[in-house]
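Everything below concerns the one structure shown next.
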Amino acid sequence: MKSIFSFLIGISLVGNMAKGQEQISASLVETPLQKAELADQVFEGANEVPISLMAQPMMPPRPATTKTSQIFVKAVHNGEWIAFRLRWRDKEYSEGGPLGKFSDAVALEFPKTNIGDPPPAFMGAKGQPVHIMHWRAQYQADKVVGRKGVRDHYAQGGVDQYHFEYPSFSDAALSQDVRELTDKDGGKQGFWNFLFSGFLFASQDESEFGVFPEKSIEVYQTGRAAGNPQSYRKAQGIDDITAEGFGTSQVLPDPSCLAFGRWQNGEWVVTISRPLSYEGRSKLETSTQAHIAFAVWQGGEGEVGGRKSVTMSWIPLNIQ
Amino acid sequence: MAKVFNWQLKREMEYFYEGHRPRRQWAIIFDLNKCIACQTCTLACKTTWTSGRGQEYMFWNNVETKPYGSYPLAWDVRILEKLGIQEWKKNEPYYGKTIFEAAPPEERVLHFVPEDEDWMYPNIGEDDCTSSVPPGDHIEMPHDKWFFYLPRTCAHCTYPACLAACPRKAIYKRDEDGIVLIDQSRCKGYGECVRACPYKKSMYNTETRVSEKCIGCFPAVEEGYQPMCVQNCIGKIRIMGFVNPPDKARKDNPIDYLVHEKQVALPYYPQLGTEPNIFYIPPVHADQKYLSQMFGPKVDDAIKRYRTLADDPVTQGLLVLMGSTDRIIHRFDVTGGIAKGFDERGHELVQVPVSEPILERSAFDEKLNVIRHNSP
């Protein structure tokens, strides 16, 4: 217990030091910021501030050592939107997907309200929620090229067939035998008889021949059947999250924030922009000092969840 | 870390959460002397639960050949290696370290992370013997060349490592039957349970991006039926029921009888500390050093007792009740050469003779005027 106390005091001291040394100023620009990918020129006038990161120290399981020791941050705003340009070293691009492989990621955290003292920077606390924007290379790939699945991760893998997922009529892979059967029978009936070979199938509501409703397939995809946001395509490429302590994060619907990342020469550059006034989530105001915190994951190094590099405390964010 | 009592180790041990035993604890007993690795259990499970996209490599139930088979690759060797040499003297509590006690300060559980490739050979080492059998060799008990089959499901541990490790508390243990489940709506796919489970029975679904595991066939259990792997076991080597801790054991409960009363069924790798609830009647022919590593220092006693069952009609009766009904037997009785199984309300589910009548047929069939061959 003693060691925990001294550790927490240590954290607090380091945190205060960090507060003294590190702060971010978002300078005013006139450029539209409501875009996923923002060119470097947008941030030309902003100072790049190095922010120190450390291995998440509070809650096991956690990494023993940090993989990312610094993140370089630039911020600009135009009175309505604020944008961050985040840069950190990461020797390999990791998008995750296959078993045990995780995605590179970065997150911004804000107190949900500006009233009183800010909540604990480590994911907030009960009754003191935080608002998080969590970008992953994996989510970006969802948005840009579509959600990758087993066939993408294991191109050489072979599977006979999945329930309710059958080749469509136009599938070139259909054998000549099947084509002849379907032609002979005028189409549909013979084809399905061939496929099901007398099996009874219960799906009555297929909207289009050969295409089964998602609900039928979801029976075999429990994450989706349970409505887990992880199991669906991240169309926005970024998650909006609220949390009230470790392990409580919840994905919020319809994120307004936008993000885009590029990995080049062992370095990630990710831009994240958000409305200053983010309805029901967190509010930033011009000419005030707000709070922001950062987290970085190097997925290729097995960093995921609580295994992350984080800022030691809130970083002052001055919105000019 | 809280202190909890682990009856398999006969001592208190450290666990991430306070101890809470469920009202009932799901359990399976496997008689390893009878398993032929036909994998019918594996397919029964696979076709019921894991035939979807993203579950291609998943076998919530698998059967591996010991000592060389493993799924995922080397799961047992790797966690034992991590744990290091630990001592367990016979008739004493286990004073070695568990995976909770041996965890470094930044972790909740001592673990290893299987690689993607480690899951790609579900039946590697199948039928591999410890050494080849030269022509003219003869075998004595225990065999100097051996292998045996180890069927495995999730052990629905009393102190699950997966549950302890999940930072989101997305894994829970049901109070009504002790079944451990991953909440499919809350899991974020961090894979902490995959890392932590020493038996490697949590698996990641690359399609849904969340983890999954054996659900103990809870929809069947809720209706009084045994899980699919048990129902479909053609060798009748399995029985599912509910196990009590030793101080609450009931002699007429099939699981308690074999685990506590006769002590012929033992948990596997109990030294890991999770108090697993799948139990094995150890194979009588295999190497005892290996078996004591897997089943603890009292494995030789269990084997000795098993070999005396020819004179024990009650245990014999219970063994023939295994596989004789799809329903969960809550109470059994063996009287007058008849073994009976009863459900929770005391209704008789099944009765079977302890010994089948033996019919001898002469080698020559008078009626057909032919010599009978050794065929049905």
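Residue numbers begin at 1 in each chain, while the letters A, B, ... track the order of the sequences.
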Fill in: Side-chain donor or acceptor of B/Glu56 paired with backbone N/O of A/Val159 under 3.5 Å
no
Worksheet entry | Rounded distance (nearest 0.5 Å) linking atom CD of A/Glu303 with atom OH of B/Tyr190 | 13.5 Å
Discussion item. At a 4.5 Å cut-off on heavy atoms, which part of B/Val194 comes close to chain A: side chain, backbone, both, or neither?
Written reply: neither
Discussion item. Whether B/Glu192 and A/Arg307 form a salt bridge (side-chain N of Lys/Arg under 4.0 Å from carboxylate O of Asp/Glu) is what I want to check.
Written reply: yes
Worksheet item: Any idea which of A/Gln56, A/Gln138, A/Lys148 has the most non-hydrogen atom pairs under 4.5 angstrom with chain B?
Response: A/Gln138
Discussion item. Does atom NZ (B/Lys3) have a neighbourhood of more than 12 heavy atoms from anything else shown, all under 6.0 Å?
Written reply: yes
Item to complete: Select, from A/Thr248, A/Asp152, A/Val304, the one with the greatest count of heavy-atom pairs under 4.5 Å involving chain B.
Response: A/Val304
Worksheet item: Which answer fits B/Arg195, side chain, backbone, both or neither, if we ask what part of it has an atom under 4.5 Å from a heavy atom of chain A?
Response: side chain
Worksheet entry | Pairwise side-chain contact, B/Arg108 with A/Met59, heavy-atom cut-off 4.5 Å (strictly under) | yes
Worksheet item: In this structure, are over 12 heavy atoms from other groups packed under 6.0 Å from B/Lys97 atom NZ?
Response: no
Fill in: Closest contact, heavy atoms only, A/Arg62 versus B/Pro105
NH2-O, 4.0 Å
Worksheet entry | Check: A/Ser231 main-chain N/O paired with B/Arg209 side-chain donor or acceptor under 3.5 Å | no
Item to complete: State, to 0.1 Å, how close A/Ala226 and B/Ser185 come at their nearest heavy-atom pair, and which atoms those are.
Response: O-CB, 3.5 Å
Worksheet entry | Non-hydrogen side-chain atoms of A/Pro60 and B/Glu106 separated by less than 4.5 Å | no
Worksheet item: Using non-hydrogen atoms only, which part of B/Glu117 is less than 4.5 Å away from chain A: side chain, backbone, both, or neither?
Response: neither
Worksheet item: Do you know which two heavy atoms are closest between A/Leu99 and B/Trp119, and how far apart they sit?
Response: CD1-CD1, 3.5 Å
Worksheet entry | residues 157-172 of chain B: residues contacting chain A (heavy atom under 4.5 Å, by number) | B/Ala165, B/Pro167, B/Arg168
Fill in: chain A contact via B/Met203 - which portion, at a heavy-atom distance below 4.5 Å
neither
Worksheet item: Looking only at heavy atoms, which two atoms of A/Phe102 and B/Gly189 are closest? And how far apart?
Response: CE2-O, 3.8 Å
Discussion item. Is it the case that the side chains of A/Tyr162 and B/Glu207 hold a donor-acceptor pair, with the cut-off being a distance below 3.5 Å and no angle test?
Written reply: no
Discussion item. Between A/Lys101 and chain B, with a heavy-atom cut-off of 4.5 Å, which part of the residue counts as in contact: side chain, backbone, both or neither?
Written reply: side chain
Practice prompt. Decide if atom CD of A/Gln250 counts as having more than 12 heavy atoms of other residues, nucleotides or ligands within a radius under 6.0 Å.
Written response: no
Worksheet item: Counting only heavy atoms not in A/Tyr93, do more than 12 fall under 6.0 Å of its OH?
Response: yes
Item to complete: Go through the atoms of B/Trp49 and report whether side chain, backbone, both or neither lie under 4.5 Å from a heavy atom of chain A.
Response: neither
Item to complete: Return the minimal non-hydrogen interatomic distance between A/Gly97 and B/Tyr204, and the atom names on each side.
Response: O-CE2, 3.8 Å
Fill in: Residues A/Thr222 and B/Gln184: side-chain donor-acceptor under 3.5 angstrom
yes
Discussion item. Nearest 0.5 Å, please: how far is OG1 in B/Thr206 from NE2 in A/His153?
Written reply: 5.5 Å
Response to the item:
chain B shares the most heavy-atom pairs under 4.5 Å, among A/Ala225, A/Ser249, A/Pro229, with A/Ser249
Discussion item. If you compare all heavy atoms of A/Pro98 against all heavy atoms of B/Asp116, which two are closest, and at what distance to 0.1 Å?
Written reply: CB-OD2, 3.7 Å
Worksheet item: Does the side chain of A/Arg151 reach to within under 4.5 Å of the side chain of B/Arg53, using non-hydrogen atoms?
Response: yes
